[in-house]
Amino acid sequence: MEAEQRTGVLRRYVTWITGHPRWVVALVILATALLATQLRHLRFYLDPDRTLPPEHPLVILGNRITEVFGGKNVVVVGLEVRDGTIYDQATLNRVKRITDRARDIPGVIPSNILSLSAVNVKDITGTEDGMQIRRVMAEVPGDEQGITALRERVRSNDLVHGLLVSADEKMTLVIIDFSSTEKPGGFAGIHRRVSEIIEPEQDTNTAIHLAGLPIQLHQMEVYSERMKYVFPLALLVIALLLYGVFRTVQGMIIPLLTAILSVVWGLGIMGLIGWALDPFNVMTPILILAIGAGHSVQILKRYYEEFHRLRDNRAAVIESTSRIGLAMLTAGIVAATGFASLITFRVPTFSAFGMLTASGILSALVIEMTFIPAIRALLRAPDEAHLGKEQRTRIFDPFLSALAGWINGGKSKYIVGVFVAVVALALAGISQLVIENGLSTFFAGSSRVMQDMEAINAEGAGAFVVQVLVEGKGEDALKDPQALREMERIQEFAASQPGVGKVVSLVDFMKKMNKALNGDDPRFEVLPDTSELIAQYLLLYSMSGDPGDFDRVVDFGYQRSVITIYYRYDTYLKIKALTDSIEGFIATHLAGSQLTYRVGGGIANMLPLTEVIIQGKIKNILQVCGVIFGVASVVFLSLLGGLLVLLPLLIAVLANLGLMGLAGIEMSVSTATITAMALGIGADYSIYFMFRIREELSRGESWARSLEISEMNSGKAILFVATSVALGYACMCASGFLVHIHLGTLVPVTMLVSSLGALTIMPAILMATKPRFLTRGSGQRKA
Amino acid sequence: MTATLQALTRVLDLIVLGLLLGSPAARAADLTAREIMVKSYEVSRVQDSTGVGVLTLYNASGDKRVRETTQVGKLDPNGRDQKRLIRFVSPADVKGTGLLTVEHHDGDDDIWIYLPALRKVRRIVSQEKSNTFMGSEFSYVDILDPQVDDYTHTLVGKVALEGVECFKIESVPTSAAIKDEHGYAKKVSWIRGDNFVASQIDFYDKTGALLKTQTARNIHEVDKTAHKWLPLVRVMSNHQTKRRSELVLKDIKVNVGVGDDVFSTANLERGR
């Protein structure tokens with residue numbers, strides 16, 4: 001009777017709503033308009049930094065290296081000639097023009113520009129009585145003789161040959177480093193400004209390639225924008241499928257209306273409270289849409305059921321909303337509490353995900369309890385023809401009634417068997433799961449961005465940078481010959497690693513100076529052996545270029561320096577392999593060092609990003625599961641109740657991870673995000689199902705009959721929404737962007753598996769245990 | 001009302017200028033921009049000088065590197081090129097390092113370096129007119145004032161700077177070659193009305209953006225007979241890189257008759 005009392009309150013409430021439908025609709029429209037205006041304040045950003053916890057050691061290291069030495073936002077421009085070599089006037093002039101114009105791009109660190117004609121790219125050579133320091137190419141040589149001399153200079157300068165000019169002399173690089181991404185106008189601004197410079201320089205003999213992290217992040221933005229076209233397409237398909245299952249216009253429009261309004265409200269709330277969204281959270285509306293539609297379809301399905309029985313529009317609205325309302329509020333609040341608990345995460349991307357999902361779910365509840373009953377009270381009741389169409393037996397009915405028959409007929413063991421097999425398959429899949437992450441893994445091999453990257457990696461030193469920060473205990477620590485010898489060993493080791501194209505550090509400059517000041521004698525191409533000589537070389541070097549030139553190599557106190565490694569890969573496992581091997585080398589061979597060496601910076605910033613997001617998402621999943629289990633156990637006053645609510649969620653996550661493992665989809669930042677979203681899908685199924693069984697039991701129905709009614713109604717609604725939304729999302733594969741393809745496969749499969757779990761194993765357990773929490777207060781005897 | 005105030009301010013300016021400049025004021029008031037710049041050029045032009053220079057470099061985060069040197073300089077009879085011998089006193093590990101530079105306005109400069117740890121004089125060939133003076137924000141062009149007629153000067157007005165009436169003069173390079181060589185599209189100088197020393201100079205880069213500001217302090221009459229004035233403290237702040245360099249001169253003596261033999265590689269190698 002407790003339940004009846006609660007529905008009594010709801011009934012009075014819905015009666016009031018349907019008595020003032022115009023007011024309610026007007027108020028909801030007003031609230032929607034107000035929240036829609038808040039969308040203006042909604043901020044999006046694509047900045048990996050802001051996604052990371054600032055106190056993460058690798059983040060601190062990355063920022064420190066960037067602050068002192070730059071190297072974080074490196075764009076590599078590769079000029080490749082088809083015929084001949086780069087040593088012709090036209091190509092060299094292109095290099096000079098690109099270099100000169102790059103200096104004027106806002107946010108560029110002028111002293112970090114590297115190219116044949118860059119101010120800081122110097123040639124240090126010995127002469128008979130001294131040393132010559134000059135730019136490799138201050139002016140483009142005017143004749144063949146000059147060009148030949150330039151080529152000889154470059155060939156004998158291993159800081160240039162192999163880094164800025166490829167071994168086959170068909171490619172030359174211009175490396176541009178940005179201190180800030182804001183000044184040039186974000187990654188799109190960097191891409192646009194660099195493109196403006198290089199486009200006029202391309203011709204039939206010259207291909208210009210563009211690579212580096214900012215270029216990839218820009219491409220990511222471009223692909224993400226495809227969502228603008230794919231998402232509406234998915235909505236259209238969902239609408240058509242809803243029409244297919246309900247066969248009424250209401251059935252098509254109302255669930256989508258709730259879903260879309262929930263998304264607008266959820267995003268509006270984010271704008272209102274000023275929380276920003278990052279690329280990982282941009283996918284969250286897809287989850288809210290599925291959840292919102294799920295609730296709506298449950299009530300709508302019940303409305304048709306009640307209308308069929310009562311033949312009175314308002315009475316059907318009141319009956320359906322008050323009957324199902326309790327289940328919906330319970331399910332919604334349980335799920336929203338689970339997601340809202342993510343606010344406790346300090347990493348903004350996770351707390352924003354929790355906040356947005358919770359806001360979206362609560363919005364769906366409010367809309368379903370106000371706007372939808374009000375508008376349905378205003379709409380004309382379905383006529384007999386429509387009702388007939390809706391009530392007609394369709395593909396799901398035989399299946400659902402067969403299911404109920406199996407469970408009631410003692411065939412649950414087969415369901416359990418299938419379930420165990422599915423779980424085993426999923427676990428087998430999970431054992432195959434590999435963590436991998438890298439922007440290039442998201443792009444098709446045929447895309448321009450990948451072809452450019454491959455061209456630069458094939459011919460050049462590498463499109464990415466990893467740095468080793470060398471830090472001494474006090475000022476002048478790097479003037480110690482031992483310190484430089486250690487750096488040299490690390491440099492030599494790093495250079496021997498696969499994928500490393502070039503390694504550059506202070507050591508190279510010291511050796512070059514030593515050789516040059518000793519009459520270019522190759523025997524002197526070694527590190528100086530006294531700290532005085534090192535100090536004096538450093539002084540000489542500091543006076544030979546721009547003040548910023550020297551600072552690229554060593555800091556003001558001669559305490560910190562950086563070893564720059566040019567690397568060909570941008571993916572997690574490859575970067576991790578490199579950093580692990582270098583760290584291993586340091587731990588083994590330089591254990592007693594006076595200096596500290598830390599590998600990070602540049603593309604290595606991908607490591608904390610990957611680890612934090614993936615570990616964080618796993619923690620998210622555990623926390624949401626824990627909270628949902630806890631809240632559901634309290635609601636049903638039963639641990640079994642909590643477990644049964646959790647079951648479809650766990651199935652969803654298992655199915656998602658298992659499918660990834662079986663299909664060879666790697667655990668990346670994007671797929672981990674999708675896995676966490678899978679949680680929201682299926683969170684409601686059990687609650688609706690159990691509330692319906694409880695309702696039927698309280699009417700005095702038997703367990704068997706209650707199960708059958710629940711399968712045929714609540715179960716059917718679950719299948720309606722799961723199939724329409726799943727197939728709608730499958731359209732996202734059309735985008736061609738791997739992140740969208742993952743969404744378009746993982747979300748539908750997860751939805752289908754999870755809904756089938758809610759209709760099979762969950763009721764099988766219910767029937768086997770006949771838990772007391774469903775019969776409490778109903779007077780129903782165990783049958 | 002505004003016009004009256006402006007007129008009044010101008011009159012007051014002139015009176016203040018007159019008081020400050022004393023009798024030369026009457027003449028100064030009639031000077032053209034070029035004449036002011038010539039006076040400014042000449043007032044700090046000395047035949048030779050000796051002294052201690054402390055160069056402090058600051059990076060954007062305020063960390064500093066201090067280098068103390070002794071310096072001897074002598075002007076070439078052509079009035080344009082300078083010979084300079086710089087010897088490092090500190091930091092300790094570079095003590096004794098010497099640098100001998102002989103400028104050639106029409107060609108590459110000659111630079112010799114003596115590194116005590118190498119115990120050898122080595123000739124350094126640098127094709128550029130070195131952009132930076134000893135790794136500081138000062139360029140060689142800034143340290144040694146460029147020829148007056150390399151620029152076209154316009155008198156913008158007279159303004160008080162830190163209580164001293166100054167001529168505000170805008171200078172633009174006369175040719176693209178000079179613009180390229182010096183790296184400036186424009187300079188704005190505040191030339192003191194009393195001693196014609198540039199109290200402040202704003203440098204604009206080739207794109208026309210404000211690049212650096214040099215301020216002069218402790219302006220001292222280093223030669224009371226020839227009326228030569230030098231700022232003992234010069235600070236150059238780079239607005240774009242947020243770096244700053246400070247050059248402090250001590251024990252400066254000018255026109256003391258420095259011999260040419262000081263500027264020899266043999267003397268450089270002798271060290272100290």
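Quick note on labels: first sequence line is chain A, next is B, and so on, each numbered from 1. Scope of the values below: all heavy atoms of this structure, side chains included, with no hydrogens, waters or symmetry mates.
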Quick check: are there more than 12 heavy atoms from other residues, nucleotides or ligands sitting under 6.0 Å from [atom1] of [X]?
X: A:Arg485; atom1: CZ; answer: yes
X: A:Glu139; atom1: CD; answer: no
X: A:Glu152; atom1: CD; answer: yes

Exercise for the section: Using ring pair (Phe, Tyr, Trp, His ring centres under 6.0 Å) as the criterion, list what pairs up with A:His161, not counting sequence neighbours. Expected result: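 Checked A:His161 against ring pair (Phe, Tyr, Trp, His ring centres under 6.0 Å); zero matches.
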
Handout entry: Counterpart residues, side-chain contact (heavy atoms from CB on, under 4.5 Å), relative to A:Asn93 (two or more places apart)
Key =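 For A:Asn93 the side-chain contact (heavy atoms from CB on, under 4.5 Å) partners, ignoring immediate neighbours, are A:Gln89, A:Arg97, A:Val140.
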
To the nearest 0.5 Å, how far apart are [atom1] in [X] and [atom2] in [Y]?
X: B:Leu118; Y: A:Tyr537; atom1: CG; atom2: OH; value: 4.5 Å
X: B:Arg123; Y: A:Leu517; atom1: CZ; atom2: CG; value: 14.0 Å
X: B:Arg65; Y: A:Glu475; atom1: CZ; atom2: CD; value: 9.5 Å
X: B:Arg122; Y: A:Met513; atom1: CZ; atom2: CE; value: 13.5 Å
X: A:Glu532; Y: B:Asp93; atom1: CD; atom2: CG; value: 6.5 Å

Exercise for the section: Could you tell me whether the side chain of A:Leu540 reaches within less than 4.5 Å of the side chain of B:Ile113, counting heavy atoms only? Expected result: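 B:Ile113 reaches A:Leu540 side chain to side chain.
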
Non-hydrogen atoms of chain A under 4.5 Å away: do they reach the side chain of [X], the backbone, both or neither?
X: B:Leu99; answer: side chain
X: B:Lys120; answer: side chain
X: B:Pro91; answer: neither
X: B:Tyr58; answer: backbone

Practice task
Heavy atoms only: give me the nearest B:Val94-A:Ala535 pair and the separation to one decimal.
Solution key: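 Taking every non-hydrogen atom into account, CG1-O, 3.6 Å.
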
